[in-house]
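Have a look at the structure below, then the notes.
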Amino acid sequence: MNEGKEVLEPLPLGTGKNTNEKTHVLAERCFMARKKNVFMNRELSWLEFNQRVLDEALDPETPLLERVNFLAITVGNLDEFFMVRVGGLLLMAESGLARRDASGLTAHGQLEAIAKRVRQMCDDQYACWRELLEPELADAGIARLQPGELSVPQRRHLQTVFDEQIYPALTPMRVDAADPFPLLRPRGIHVAFRLKPSAGEAARPRFAVIPLAPNMRRLIALPDENGYAYMTAEDAVRMFSDRFFPDEPVVEAVPFRITRNADLEAREDFTDDFRAEMQAVLDRRKQGDCVRLEIRTGISKILLAFLQKALGVHARQTFVVPGPVHLADMSELVALEGFEALRFKPWPPRPSPQIVPQKSLFEQIARKDILLLHPYDSFEPVLRFVREAASDPQVLAIKQTLYRTSADSPVIAALRQAAENGKAVTAVVELKARFDEARNIERARDLEKAGAQVIYGVKGLKTHSKICLVVRQEPGGVARYLHLGTGNYNEKTARLYSDISLFTCQPDFGTDASSFFNAICGYTEPRPFLKLSVAPFHMRETLLELIHAETERRRQG
């Protein structure tokens with residue numbers, strides 16, 4: 001009867017709480033059967049980008065430790081993908097919204113496609129680690145050891161590390177299906193234990209969880225005359241589990257890790273204190289729904305079912321992995337001393353030949369515009385620009401946007417110094433910089449204490465511009481010096497990412513910069529810009545005009 005007709009496969013089980021998911025999936029198939037969309041799904045497209053990074057880890061022409069680093073990057077990327085992209089889609093799916101994206105997929109359809117693609121990517125990541133990188137690392141003298149592979153000196157050393165550093169910092173938590181499950185730290189490493197039932201409770205399994213301390217080193221170095229040997233901290237906890245459960249037979253001990261939904265937005269329309277609202281968002285993230293469970297292979301069905309139920313995780317969101325959970329921590333190996341041959345040859349940024357170190361940067365910018373290409377050109381002139389402005393007695397004001405900065409940012413230090421020196425300092429600190437919110441809140445407080453004026457961006461938008469405007473009193477009048485950049489004011493990432501810096505004191509750029517800051521800080525409509533193109537007012541139209549101009553040139557040959 002079905003000859004010549006499409007046969008639908010059995011519908012999969014759902015991921016969320018919505019009881020109409022099968023209806024959504026069926027509608028999805030019917031919709032896609034009658035319409036071939038020209039758009040790619042954003043989430044699946046992003047996963048293919050991550051695959052290209054993973055391909056670098058698979059490339060035998062790439063030095064070994066650099067391949068480890070590429071693998072670690074793909075794992076860290078997936079973390080943010082689950083926290084934000086998958087987290088947001090789960091909220092949409094559970095709300096019952098049937099809205100489709102540009103490619104024609106509903107939230108349920110996207111989650112189904114994502115689950116399939118991510119599972120394949122996860123398999124590829126662990127195949128890369130177990131079949132390629134880990135054996136090659138061992139051959140090169142970097143070996144991960146299991147308890148049965150330790151020599152007597154190594155076991156003695158591990159015992160000392162455990163007694164002095166690990167055991168005092170950890171606390172086992174008894175967990176029971178009848179009690180509320182403890183709030184586990186997202187993205188932390190935990191070890192789940194199943195203990196032998198007590199006398200008289202033969203049919204009732206007992207469970208416990210030990211969270212590893214947040215600041216604990218994941219890889220424990222062991223003495224080795226031939227290179228570098230190590231064991232993971234969770235394997236050490238499993239090895240000495242009898243210290244936590246004396247006289248309690250441990251049936252199994254399995255490391256696991258959870259990822260929580262971080263797609264929680266600040267309610268900007270309902271608060272007068274945006275910084276306090278962002279702090280509340282950070283607190284809510286710690287309690288967000290679990291969107292992924294990663295757990296080591298070998299776990300029993302009993303323990304797995306218990307964790308899935310306790311954490312509210314569906315089978316589609318569970319990843320049983322044949323190796324250390326969260327391979328991103330293997331990036332610790334990349335910086336090992338003595339293995340330089342396993343890394344790319346260092347290529348330090350060059351000092352720009354356009355800039356004379358002993359001469360005032362303001363004088364050099366006044367003479368001509370300076371263009372730098374990072375990371376090939378050093379980022380030091382950008383830091384120097386802010387430092388000179390902070391200490392120059394002729395500087396009246398500094399206005400700067402801050403999106404992502406380093407932990408011990410020299411830019412923040414220079415702005416604090418400028419404010420303490422009596423200069424008018426205005427910092428537009430974007431509190432919605434994803435996963436840098438806590439750091440930016442701290443930076444904002446530090447700047448305010450120093451006397452700077454801090455603005456938290458524009459409601460409903462992210463201030464992603466990179467501008468530093470220095471207003472300077474000179475013999476001919478007030479001059480405006482400007483740095484425009486495509487990257488962040490972060491000297492560490494400036495050594496990794498390709499970005500452009502432009503220094504200029506052209507009046508039109510200075511006028512535009514002043515108009516930009518006045519609009520953001522005063523919440524006003526900006527005046528027409530002379531040189532700059534600013535979203536959401538003109539940038540889209542400007543880019544389309546440029547694209548059309550290039551298209552026309554190509555058409556004319």
Side-chain angles (χ1 to χ4, degrees), residues 42-86 114 117-144 187 189 217-219 227-228 230 232 257 259 292 294 296 319 321-349 373-376 379 404 406 434-436 487-488 490-499:
R42 183 184 73 163
E43 322 306 351
L44 297 178
S45 175
W46 184 93
L47 288 171
E48 294 314 314
F49 150 74
N50 206 41
Q51 178 64 50
R52 292 198 295 275
V53 183
L54 181 56
D55 290 343
E56 296 293 334
L58 296 167
D59 185 357
E61 300 298 318
T62 302
L64 183 55
L65 286 178
E66 303 293 348
R67 293 167 64 190
V68 173
N69 195 41
F70 280 120
L71 175 62
I73 290 171
T74 69
V75 177
N77 285 346
L78 274 184
D79 257 13
E80 294 192 10
F81 181 80
F82 270 91
M83 286 189 288
V84 179
R85 303 288 183 88
V86 174
I114 287 169
R117 183 65 185 89
V118 170
R119 199 163 296 281
Q120 179 60 56
M121 182 173 290
C122 187
D123 290 344
D124 291 345
Q125 287 172 332
Y126 276 90
C128 176
W129 173 252
R130 296 185 67 205
E131 298 172 20
L132 298 176
L133 300 186
E134 194 168 33
E136 291 182 34
L137 286 169
D139 291 341
I142 303 174
R144 179 170 70 96
R187 296 189 288 170
I189 303 297
R217 288 288 298 271
R218 177 85 185 275
L219 308 185
Y228 180 85
Y230 68 96
T232 63
R257 182 175 181 270
T259 309
R292 179 177 58 166
E294 300 167 272
R296 182 87 69 88
F319 293 80
V321 297
V325 294
H326 197 52
L327 289 171
D329 287 343
M330 296 303 154
S331 61
E332 284 187 35
L333 301 174
V334 177
L336 287 177
E337 295 182 2
F339 295 92
E340 285 71 20
L342 304 182
R343 290 188 285 268
F344 286 129
K345 182 180 178 181
W347 194 356
L373 178 60
H374 311 298
Y376 313 104
F379 192 71
R404 298 189 193 276
S406 61
R434 183 81 70 177
F435 304 122
D436 270 358
N488 290 304
N490 186 319
E491 73 287 352
K492 292 184 172 61
T493 57
R495 298 177 65 91
L496 303 173
Y497 304 146
S498 297
D499 285 301

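Not counting sequence neighbours, R119 has no partner by the salt bridge (Lys or Arg N to Asp or Glu O under 4.0 Å) test. Remark: F339 pairs with no residue by the ring-ring contact (aromatic ring centres under 6.0 Å, His included) rule, at least two apart or across chains. Remark: N69 pairs with no residue by the side-chain hydrogen bond (donor to acceptor under 3.5 Å, both in side chains) rule, at least two apart or across chains. For E134, the side-chain hydrogen bond (donor to acceptor under 3.5 Å, both in side chains) test picks out W129, R144, with sequence neighbours left out. Under the salt bridge (Lys or Arg N to Asp or Glu O under 4.0 Å) criterion, D499 pairs with no residue, sequence neighbours left out. Taking the side-chain contact (heavy atoms from CB on, under 4.5 Å) definition, one finds that N488 meets it with Y403, R404, K466, N490, sequence neighbours left out. Not counting sequence neighbours, the partners of A140 by the side-chain contact (heavy atoms from CB on, under 4.5 Å) test are L64, L342. Residues forming a salt bridge (Lys or Arg N to Asp or Glu O under 4.0 Å) with R495 (at least two apart in sequence, or on another chain): none. By the side-chain contact (heavy atoms from CB on, under 4.5 Å) test, P322 is found to be paired with Y126, R130, T297, residues two or more places apart in sequence or in another chain being considered. Listed by chain and number, the residues in a side-chain hydrogen bond (donor to acceptor under 3.5 Å, both in side chains) with R117 are E48, Q51 (sequence neighbours excluded).
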message: One pair to check against side-chain contact (heavy atoms from CB on, under 4.5 Å): R292 and V86. What are the steps and the verdict?
response: CA-CA 9 Å; R292 179 177 58 166; V86 174; over 6 Å; no

task: Could you walk me through whether L71 and L54 pass side-chain contact (heavy atoms from CB on, under 4.5 Å), step by step?
output: CA-CA 6 Å; L71 175 62; L54 181 56; 3.8 Å; yes

task: Could you give me the CA-CA distance, side-chain angles and deciding distance for E80 and R85, then say whether salt bridge (Lys or Arg N to Asp or Glu O under 4.0 Å) is met?
output: CA-CA 8 Å; E80 294 192 10; R85 303 288 183 88; over 6 Å; no

task: Quick one: do Q125 and V321 satisfy side-chain contact (heavy atoms from CB on, under 4.5 Å)? Show the steps, please.
output: CA-CA 10 Å; Q125 287 172 332; V321 297; over 6 Å; no

- request: Kindly determine whether D329 and T232 satisfy side-chain contact (heavy atoms from CB on, under 4.5 Å), including the steps that lead there.
  value: CA-CA 10 Å; D329 287 343; T232 63; over 6 Å; no

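Listed for the N77 side chain is no donor-acceptor partner under 3.5 Å among the backbone atoms of N50. Remark: side-chain polar atoms of R257 are not paired, donor with acceptor, to backbone N or O of H326 under 3.5 angstrom.
Identified under the salt bridge (charged side-chain N to carboxylate O under 4.0 Å, His left out) test for residues 52-68, with sequence neighbours left out: R67-E136. Pairs of residues two or more places apart, or lying in two chains, that qualify as ring-ring contact (aromatic ring centres under 6.0 Å, His included) and include a residue from residues 59-86 are W46-F81, F82-F319.
We find the CG-CD1 distance between L78 and I73 to be 12.5 Å, quoted to the nearest 0.5 Å. In this structure, L65 CG and R343 CZ are separated by 6.0 Å, a value rounded to the nearest 0.5 Å. Between Y230 atom OH and L219 atom CG the span is 6.0 Å, to the nearest 0.5 Å.
Atom CZ of F344 is surrounded by more than 12 heavy atoms from other residues, nucleotides or ligands within 6.0 Å.
With a 4.5 Å cut-off on side-chain heavy atoms, K345 and P63 do not count as touching. Within the 4.5 Å cutoff, the side chain of M330 has heavy atoms near those of the P324 side chain. In this structure the side chain of T259 reaches within 4.5 angstrom of the side chain of E294, judged on heavy atoms. The shortest side-chain heavy-atom distance between S498 and Y376 falls under the 4.5 Å cut-off. Annotation: side chain of D124 is not in contact with side chain of L58 (no heavy-atom distance under 4.5 Å).
Smallest separation of non-hydrogen atoms from S331 and A72: CB-CB, 3.9 Å. When all heavy atoms of S406 and E491 are compared, the pair lying nearest together is OG-OE2, 2.7 Å. V325 and R296 get closest at one heavy-atom pair: CG1-N, 3.9 Å.
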